[in-house]
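Here is the naming used below: chain letters follow the sequence lines, and residue numbers restart at 1 for every chain.
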Number of protein chains: 2
Amino acid sequence: MAIPATDWNINEEIREIFATYLEKNKQRKTPERFAILEEIYKRDDHFDAETLYQHLKEKEYNVSRATVYNTLDLLESCELVTKHQFGNNATHQYEKAYRYKQHDHMICLNCGQVLEFCDPRIQQIQSKIGDLLNFEISHHSLVLYGICQKEHCPYMQNEQAKEINN
Amino acid sequence: MAIPATDWNINEEIREIFATYLEKNKQRKTPERFAILEEIYKRDDHFDAETLYQHLKEKEYNVSRATVYNTLDLLESCELVTKHQFGNNATHQYEKAYRYKQHDHMICLNCGQVLEFCDPRIQQIQSKIGDLLNFEISHHSLVLYGICQKEHCPYMQNEQAKEINN
DNA sequence: ATCGTTGCAAAGGTTTTGCAGTCCA
DNA sequence: TGGACTGCAAAACCTTTGCAACGAT
């Protein structure tokens with residue numbers, strides 16, 4: 001039942017970062033905001049706002065959708081959360097960002113699984129194109145779409161894949 | 001008043017491709033569909049469905065939004081049009097795809113301008129990661145976000161930029 | 001006590017859908 | 001002619017907003 005020390009420390013660290021951010025920006029430290037932050041860092045996958053809202057509702061905390069969206073914006077601003085736009089559907093995907101090294105995504109059009117990968121060349125491309133076209137590049141989004149060749153990838157397995165496929 | 005031969009030929013070619021696609025897929029060759037195709041290939045920029053709908057409405061053709069969306073889907077399927085998701089807003093951007101070499105996009109977060117660029121390394125990344133993670137990659141989306149350093153980039157110049165910025 | 005934040009529901013913008021009428025094959 | 005396509009409007013979807021009540025500072 002003991003919580004691993006590392007988990008605890010990370011949670012403390014994150015709460016601290018968020019608290020400092022809120023103070024600096026003269027925003028209130030409400031319990032709802034910290035509950036949302038905690039729930040996000042408990043999860044390990046990519047998620048959307050509605051899913052997060054449902055998970056919170058099922059548990060202890062009764063927060064409204066408006067608060068979820070508001071808090072996600074705040075967490076994005078202080079870089080504790082990253083917001084993604086995968087596929088062509090309207091729904092945004094989010095993921096925790098703290099201490100996760102920068103990476104890009106590859107998505108299976110059949111089963112909807114999201115894989116993460118790194119390639120240093122993308123940084124090179126970023127600086128080269130920025131210099132070339134006289135841009136100060138702040139960030140990028142690279143998504144590879146394809147079909148995973150593993151046998152455990154049944155066609156149209158889940159809703160997420162359908163949405164990504166449109 | 002003479003239409004340049006190349007333009008004419010390209011238009012004929014495109015109509016032919018679309019017609020063949022429609023036949024193969026047992027879809028009807030309606031005037032609306034060809035009017036939409038033609039309007040798209042007259043334009044040189046990125047556009048969204050609503051803009052296209054308005055342009056058609058202002059001109060000869062009275063098509064409905066539903067038909068515009070339906071036709072854009074068809075044109076995407078036969079690869080005459082590419083659909084993009086820039087920024088975090090809900091609106092999709094489209095662009096004509098025939099005979100335009102594959103490229104990626106860089107977007108100014110101030111003025112919303114969209115620049116296109118090519119870098120062969122992205123193809124290399126695509127095949128390397130595909131091999132590595134056992135994926136059959138069909139396409140990718142790379143968008144660089146930044147601030148253009150030119151003097152003619154006033155802050156928050158237009159609506160598009162605001163939307164990209166959220 | 002103040003004033004930012006919450007919850008709820010209603011509005012917002014983009015895209016899809018249902019249905020009756022139209023028209024291509 | 002018949003089934004697919006169109007137009008219209010309504011619905012669906014995700015997200016934001018208005019406002020009264022609440023609560024952190």
Side-chain angles (χ1 to χ4, degrees), chain A residues 15 18-37 46-54 56-57 60-77 81 83-94 159-160 162-166, chain B residues 15 18-37 46-54 56-57 60-77 81 83-94 159-160 162-166:
Chain A
R15 289 177 65 89
F18 194 29
T20 307
Y21 173 82
L22 291 173
E23 260 173 45
K24 269 194 188 159
N25 292 73
K26 296 185 181 61
Q27 305 252 13
R28 289 183 182 160
K29 297 172 215 159
T30 66
E32 289 86 353
R33 288 176 173 171
F34 284 97
I36 292 170
L37 175 64
H46 301 80
F47 58 89
D48 58 32
E50 182 63 23
T51 305
L52 182 60
Y53 168 69
Q54 294 298 340
L56 284 159
K57 209 172 160 188
E60 68 273 28
Y61 253 92
N62 226 8
V63 292
S64 72
R65 253 176 277 259
T67 305
V68 169
Y69 280 104
N70 165 34
T71 306
L72 281 171
D73 280 353
L74 291 172
L75 290 171
E76 203 196 347
S77 296
V81 157
K83 187 175 181 180
H84 296 289
Q85 183 85 58
F86 297 147
N88 275 326
N89 57 334
T91 320
H92 292 126
Q93 301 288 124
Y94 297 86
E159 295 306 310
Q160 206 184 355
K162 282 185 203 163
E163 282 169 20
I164 288 167
N165 274 315
N166 248 43
Chain B
R15 289 177 64 89
F18 194 29
T20 306
Y21 173 82
L22 290 174
E23 261 172 45
K24 271 192 188 159
N25 291 72
K26 297 187 180 60
Q27 304 252 13
R28 289 185 181 159
K29 296 169 217 160
T30 65
E32 288 86 353
R33 289 175 172 174
F34 285 97
I36 291 170
L37 175 64
H46 300 80
F47 58 91
D48 58 34
E50 181 64 21
T51 306
L52 182 59
Y53 167 69
Q54 294 297 341
L56 284 159
K57 208 172 161 189
E60 69 273 28
Y61 253 93
N62 227 10
V63 292
S64 72
R65 253 177 278 258
T67 304
V68 169
Y69 279 105
N70 166 34
T71 305
L72 282 171
D73 280 352
L74 291 171
L75 291 171
E76 202 195 348
S77 297
V81 156
K83 188 175 180 180
H84 297 289
Q85 184 85 59
F86 297 146
N88 276 327
N89 56 334
T91 321
H92 292 128
Q93 300 289 124
Y94 297 86
E159 294 308 307
Q160 205 184 354
K162 281 184 204 162
E163 282 169 18
I164 287 168
N165 273 315
N166 248 45

Item to complete: Classify the nucleic acid contact of B:Asp48 as base, sugar-phosphate or nothing, counting any heavy atom under 4.0 Å across all strands shown.
Response: nothing

Worksheet item: Nearest-Å distance, CZ (A:Arg65) to C1' (D:dC13)?
Response: 11 Å

Fill in: Length of the CD-P vector between B:Gln93 and C:dT15, whole Å
9 Å

Practice prompt. Measure the distance from CG on B:Asn89 to C1' on C:dT15 and round it to the nearest whole Å.
Written response: 14 Å

Discussion item. Heavy atoms from C-beta onward define the side chain here; which of D:dG2, D:dA24, C:dT15 lies closest to that of B:Arg28?
Written reply: D:dG2

Worksheet item: Which nucleotide in the list C:dT14, D:dG7, C:dC8 gets nearest to the side chain of B:Ser64?
Response: D:dG7

Worksheet item: Are any of B:Thr30's side-chain N or O atoms less than 4.0 Å away from OP1 or OP2 of C:dC23?
Response: no

Worksheet item: So what does B:Glu50 touch, heavy atoms closer than 4.0 Å: a base, only the sugar-phosphate, or nothing?
Response: nothing

Item to complete: Return no unless some side-chain N or O of B:Arg33 is found under 4.0 Å from OP1 or OP2 of D:dC5.
Response: yes

Practice prompt. For the pair A:Leu72 and A:Tyr94, evaluate side chain to side chain contact (heavy atoms under 4.5 Å, CB included) and give the outcome as yes or no after the intermediate values.
Written response: CA-CA 8 Å; A:Leu72 281 171; A:Tyr94 297 86; 3.6 Å; yes

Worksheet item: Quick one: which of C:dT5, C:dG7, D:dC14 gets closest to the side chain of A:Tyr69?
Response: D:dC14

Item to complete: Indicate whether OP1 or OP2 belonging to C:dG7 is found under 4.0 Å from a side-chain N or O atom of A:Thr67.
Response: yes

Discussion item. Rounded to whole Å, please give me the gap between CG in B:Asn70 and P in D:dC8.
Written reply: 15 Å

Worksheet item: Are A:Gln27 and C:dG4 close enough that a side-chain N or O sits under 4.0 Å from OP1 or OP2?
Response: no

Practice prompt. Measure the spacing between CZ of A:Arg65 and OG1 of A:Thr67 and express it to the nearest 0.5 Å.
Written response: 11.5 Å

Practice prompt. Mind checking the NE2-OH spacing from B:His92 to B:Tyr69? Nearest 0.5 Å is all I need.
Written response: 9.0 Å

Practice prompt. May I have the distance from B:Lys83 (atom NZ) to C:dT14 (atom P), rounded to whole angstrom?
Written response: 14 Å

Practice prompt. Name the nucleic acid region contacted by B:Ala90, choosing base, sugar-phosphate or nothing; use a 4.0 angstrom heavy-atom cut-off, strictly under.
Written response: sugar-phosphate

Worksheet, complete the sentence: Closest non-hydrogen contact found for A:Leu22 with A:Arg28 is CD1-O, 3.9 Å

Fill in: Value in whole Å for how far the P atom of D:dT16 lies from CG of B:Asn88
9 Å

Item to complete: Output, in order, the C-alpha distance, side-chain angles, deciding distance and verdict of side chain to side chain contact (heavy atoms under 4.5 Å, CB included) for A:Asn89 and B:Gln85.
Response: CA-CA 9 Å; A:Asn89 57 334; B:Gln85 184 85 59; over 6 Å; no

Fill in: Phosphate OP1/OP2 of D:dC14 contacted by A:His92 side-chain N/O (<4.0 Å)
no

Fill in: Protein-nucleotide distance (A:Lys24, atom NZ; D:dT25, atom C1'), rounded to Å
20 Å

Worksheet item: Starting at CZ of B:Phe34 and ending at P of C:dC23, how long is that distance when rounded to a whole Å?
Response: 17 Å

